[in-house]
Amino acid sequence: MSLEEALVGPVEEVAPRLLGALLSHGGVALRVTEVEAYAGPTDPGSHAYRGPTPRNQVMFGPPAHLYCYFTYGMHVCANVVCGPEGTPSAVLLRAGQVVAGVDDARMRRDGAADRDLARGPARLCSALGLTLAHNGASLTTGEVRLTLADVAAGAVATGPRVGLRGAPERPWRFWLAGDPTVSAYRPAKRLSRPAKG
DNA sequence: CTACCGATATTCT
DNA sequence: GAATATCGGTAGA
């Protein structure tokens with residue numbers, strides 16, 4: 001089965017298929033250990049919930065491409081666009097275990113501990129060297145590659161997505177149970193404080 | 001381990 | 001102006 005075929009379907013079914021997959025770029029390869037699913041118009045947590053914008057247009061394109069976006073003023077996060085084309089759904093790559101190019105990853109991550117190299121979506125991009133320049137990049141024909149792998153059915157755990165306050169009840173976060181590279185729990189950001197003076 | 005806080009661009013109101 | 005798919009540093013249990 002081709003990668004494109006594996007990525008077409010309900011995003012909450014596609015997302016766990018990415019666990020265990022190998023993602024490589026810039027001399028670093030990692031095994032995906034944690035993902036989150038984001039659907040289109042029906043999912044308030046998705047960037048595509050309110051329709052296309054310059055930022056999310058890649059989500060509306062063909063599957064097996066990267067959707068990279070800039071967030072919180074300083075971080076890049078990467079998603080795998082899922083199909084079919086025209087249906088905006090994507091899977092956020094939240095964490096991975098570096099399995100090749102560990103020295104390169106450590107350099108990019110300023111000497112972080114091995115298990116922290118890609119423990120979080122922005123850290124994962126940093127470890128791999130992914131930037132906004134990779135937004136829309138193919139995962140089958142370019143320098144960023146994704147190869148699926150089978151994982152035992154019982155190894156997958158699910159729970160609520162991280163960092164969302166709008167759609168907390170969809171348990172669309174998937175990770176490999178017990179893996180030390182899965183990102184730590186963080187509560188949704190507190191309510192805003194008054195403007196500073 | 002949990003919790004709080006600041007930095008800071010893009011998007012929406 | 002306010003919210004946001006975050007992270008690193010610091011504080012406390």
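Chain letters run A, B, ... following the sequence lines, proteins first and then strands; every chain starts at 1. Keep in mind it's a predicted model, so treat the numbers as computed, not measured.
Closest to the side chain of A:Val162, out of C:dT6, C:dA5, B:dA7, is C:dT6. Minimum atom distance to the side chain of A:Ala122 is reached by C:dT6, of the listed B:dA7, C:dA5, C:dT6.
Put simply, the side chain of A:Arg186 and the base of C:dG8 share a donor and an acceptor less than 3.5 Å apart.
Judged by Watson-Crick or G-U wobble contacts below 3.5 Å, the nucleotide C:dT10 has B:dA3 as its partner.
Straight-line distance from the OH atom of A:Tyr49 to the C1' atom of C:dA5: 16 Å, rounded to whole Å. Atom NE2 of A:His47 and atom P of B:dC12 are 10 Å apart (whole Å). Atom CZ of A:Phe70 is separated from atom P of B:dT10 by 7 Å (rounded to the nearest Å). Rounded to an integer number of Å, the gap from CG of A:Asn79 to P of C:dT6 is 11 Å. The distance between atom CZ of A:Arg161 and atom P of C:dT6, rounded to the nearest whole Å, is 12 Å. Atom OH of A:Tyr67 and atom C1' of B:dT10 are 10 Å apart (whole Å). Atom CZ of A:Arg170 and atom P of C:dA5 are 14 Å apart (whole Å). Following rounding to the nearest Å, A:Leu93 (CG) and C:dT6 (P) show an atom-to-atom distance of 13 Å.
Phosphate contact (OP1/OP2 of B:dT13, side-chain N/O of A:Arg50, threshold under 4.0 Å): present. For A:His75 and C:dC7, the shortest distance from a side-chain N or O to OP1 or OP2 is not below 4.0 Å. Proximity of A:Arg123 to the phosphate of C:dG8: a side-chain N or O atom is located under 4.0 Å from OP1 or OP2.
Looking at A:Thr140 and A:Ser138, their side chains do bring a donor and an acceptor atom within 3.5 Å of each other.
A pairwise comparison of heavy atoms in A:Gly129 and A:His25 identifies O-CE1, 3.5 Å as the closest pair. Here the closest heavy-atom approach between residue A:Leu124 and residue A:Arg94 is recorded as CD1-C, 4.3 Å.
Nucleotides C:dG8 and B:dT10 place their C1' atoms 22 Å apart, quoted to the nearest Å.
In this structure, A:Arg94 reaches the sugar-phosphate backbone alone: every heavy-atom distance under 4.0 Å involves primed, P, OP1 or OP2 atoms, never a base. At the heavy-atom level, A:Arg109 lies under 4.0 Å from the strands shown only through sugar-phosphate atoms.
Ring-to-base geometry does not place A:Tyr69 in a stacked arrangement with C:dA5 (centre distance under 5.5 Å, plane angle under 30° required).
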- Item | Chi angles and distances behind the ring pair (Phe, Tyr, Trp, His ring centres under 6.0 Å) call for A:Tyr69, A:His47 | CA-CA 10 Å; A:Tyr69 69 93; A:His47 284 170; 4.6 Å; yes
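Within the 4.5 Å cutoff, the side chain of A:Asp114 has heavy atoms near those of the A:Arg106 side chain.
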